[in-house]
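Step one of this worksheet: look at the structure below.
Note: hydrogens, waters and symmetry copies are ignored here, and every other heavy atom, side chains too, is used. Everything quoted here is computed from the prediction, not taken from an experiment.
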Amino acid sequence: MRFSPHELHVPQPPREPGKPREPRKKIRVAAVAATTALAGALTALLLLLSGNGGASPHPVSADEAQRMALARFRAYEASPAEVMVRLPAAEAGDGTITVRAVVDHHVHRAVGAYEIVDDTRTVQGLLAWDLEGIAVARPPAAAPGAEPGRTTARPPAPDIVTTAAQAVRRAGTLKREEWTRRPYSTAPLDRALRLVVSVAADRPDNAALLARSGPLWLRDERLDGHGYGVFSGPRPGPSASASPADDSTLTYWIDTDGNLRRVTARMSPGHYATVDFVATRVRTGVPGAPWMKG
């Protein structure tokens with residue numbers, strides 16, 4: 001006797017007495033439904049992990065504009081604050097500059113420790129700055145970009161400041177004549193430092209006017225376990241219809257309460273300065289030197 005493969009009989013397990021046979025079609029439908037539900041659950045999980053559900057950048061909504069309008073005021077309220085500034089040491093991207101500082105937005109002043117690191121050396125020193133310019137403590141190091149300061153391939157000596165708290169303490173011991181002052185230049189470091197003392201405001205911005213100046217919601221992102229909306233700043237042109245080429249050079253990380261966590265500034269194509277607000281309402285205020293007279 002010949003059998004066709006289509007006629008092959010697969011034995012079925014015995015049916016319990018009195019229990020009707022379940023139709024095969026019903027089994028197939030249930031399997032498809034279970035598979036669809038699993039796929040939906042996986043998709044929802046991926047969207048949740050991505051943080052923004054795959055949404056594209058868009059002009060800010062009224063609520064998002066309100067968050068942005070509060071950000072500068074929240075930064076003002078939260079000062080004195082500890083900040084960290086990072087940027088490339090050169091246009092070629094070789095090396096890094098890091099400044100760890102305390103900024104007081106009520107007086108538009110900041111004091112910090114800078115460190116310039118490249119393949120051959122580490123230069124460290126003390127900086128102070130306000131809206132008018134930069135002051136560099138001497139000794140132990142000269143200004144970045146001027147005469148070479150103290151260089152070391154070993155751990156920093158006791159007279160070298162490396163943290164914001166050390167910078168504040170050391171600045172409080174220096175006299176006015178122990179600082180070298182200069183106006184701002186167009187160098188990336190100078191532009192980044194100026195941003196630090198000018199980013200805050202003593203009142204909220206007008207959310208309606210801000211929304212018309214062209215800011216964009218870019219994405220949601222998590223930093224240190226907290227969620228933030230990432231926004232491009234208002235475009236430099238007066239019209240919200242400015243072309244993409246006129247996009248702002250500034251990007252802000254702002255939480256749902258309007259607290260500012262990070263700002264990045266495009267210094268040149270492909271090169272950015274990052275300002276992180278790492279602690280707020282710190283107890284160590286900015287000392288009077290080098291601004292005090294006498």
Legend entry - Test side-chain hydrogen bond (donor to acceptor under 3.5 Å, both in side chains) applied to Arg86 and Thr274, Asp276, Thr98, Thr96, the passing residue: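 By the side-chain hydrogen bond (donor to acceptor under 3.5 Å, both in side chains) criterion, Arg86 pairs with just one of Thr274, Asp276, Thr98, Thr96: Asp276.
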Inset, instruction - Determine the sole option in Arg281, His106, His108, His105 for which the side-chain hydrogen bond (donor to acceptor under 3.5 Å, both in side chains) test with Ser79 is passed. - result: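 That would be His106.
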Quick one: does [X]'s side chain get under 4.5 Å of [Y]'s, heavy atoms only?
X: Arg212; Y: Asn206; result: no
X: Val85; Y: Tyr114; result: no
X: Val107; Y: Trp291; result: no
X: Pro188; Y: His271; result: no

Is there a path of hydrophobic side-chain contacts, each under 4.5 Å between heavy atoms of I, L, V, M, F, W or Y residues, that connects [X] with [Y]?
X: Leu250; Y: Leu131; result: yes
X: Val103; Y: Val278; result: no
X: Ile254; Y: Leu70; result: no
X: Leu195; Y: Tyr272; result: no
X: Phe277; Y: Met84; result: no

Legend entry - Partners meeting salt bridge (Lys or Arg N to Asp or Glu O under 4.0 Å) with Asp224 (sequence neighbours left out):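 Asp224 satisfies salt bridge (Lys or Arg N to Asp or Glu O under 4.0 Å) with Arg261 once adjacent residues are dropped.
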Return the [atom1] to [atom2] distance between [X] and [Y], rounded to the nearest 0.5 Å.
X: Arg191; Y: Thr249; atom1: CZ; atom2: OG1; result: 7.5 Å
X: Arg182; Y: Asp190; atom1: CZ; atom2: CG; result: 4.0 Å
X: Trp129; Y: Arg109; atom1: CH2; atom2: CZ; result: 13.5 Å
X: Gln166; Y: Arg100; atom1: CD; atom2: CZ; result: 10.5 Å
X: Leu260; Y: Tyr228; atom1: CG; atom2: OH; result: 9.5 Å
X: Leu189; Y: Arg194; atom1: CG; atom2: CZ; result: 13.0 Å

Legend entry - Parallel, tilted or perpendicular: ring planes of Tyr76 versus Phe73, cut at 30 and 60 degrees: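 The arrangement is parallel - the two ring planes meet at less than 30°.
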Legend entry - Steps toward side chain to side chain contact (heavy atoms under 4.5 Å, CB included) verdict (Val199, Val275): CA-CA 10 Å; Val199 71; Val275 179; over 6 Å; no
Inset, instruction - Step by step, work out the side chain to side chain contact (heavy atoms under 4.5 Å, CB included) result for Val102 and Val111. - result: CA-CA 6 Å; Val102 172; Val111 170; 5.9 Å; no
Inset, instruction - Determine which pairs satisfy ring-ring contact (aromatic ring centres under 6.0 Å, His included) with at least one residue from residues 176-205, sequence neighbours left out, and list them in order. - result: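 Residue pairs with at least one partner in residues 176-205: there are none.
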Inset, instruction - Say whether, by atom type as modelled, one donor and one acceptor occur between the side chain of Arg74 and the main chain of Pro204 under 3.5 angstrom. - result: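 Pair absent, no side-chain N/O of Arg74 close to backbone of Pro204.
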Legend entry - Donor-acceptor contact present, side-chain Ser232 to main-chain Leu216, <3.5 Å: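 Yes: the side chain of Ser232 pairs with the backbone of Leu216.
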Inset, instruction - Could you pull out the closest heavy-atom pair between Ser198 and Arg72, with the gap in Å? - result: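 Where Ser198 meets Arg72 most closely, the heavy atoms are O-NH2, 3.6 Å.
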Inset, instruction - Measure across Arg176 and Pro290 and return the closest heavy-atom pair with its distance rounded to 0.1 Å. - result: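 Here Arg176 and Pro290 meet closest at NH1-O, 2.9 Å.
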Legend entry - side-chain hydrogen bond (donor to acceptor under 3.5 Å, both in side chains) pairs, two or more places apart, involving residues 59-68: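 Output for this query lists His58-Glu64, Ser61-Glu64.
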Inset, instruction - List the steps and the verdict of side chain to side chain contact (heavy atoms under 4.5 Å, CB included) for Asp255 and His226. - result: CA-CA 8 Å; Asp255 71 10; His226 299 281; over 6 Å; no
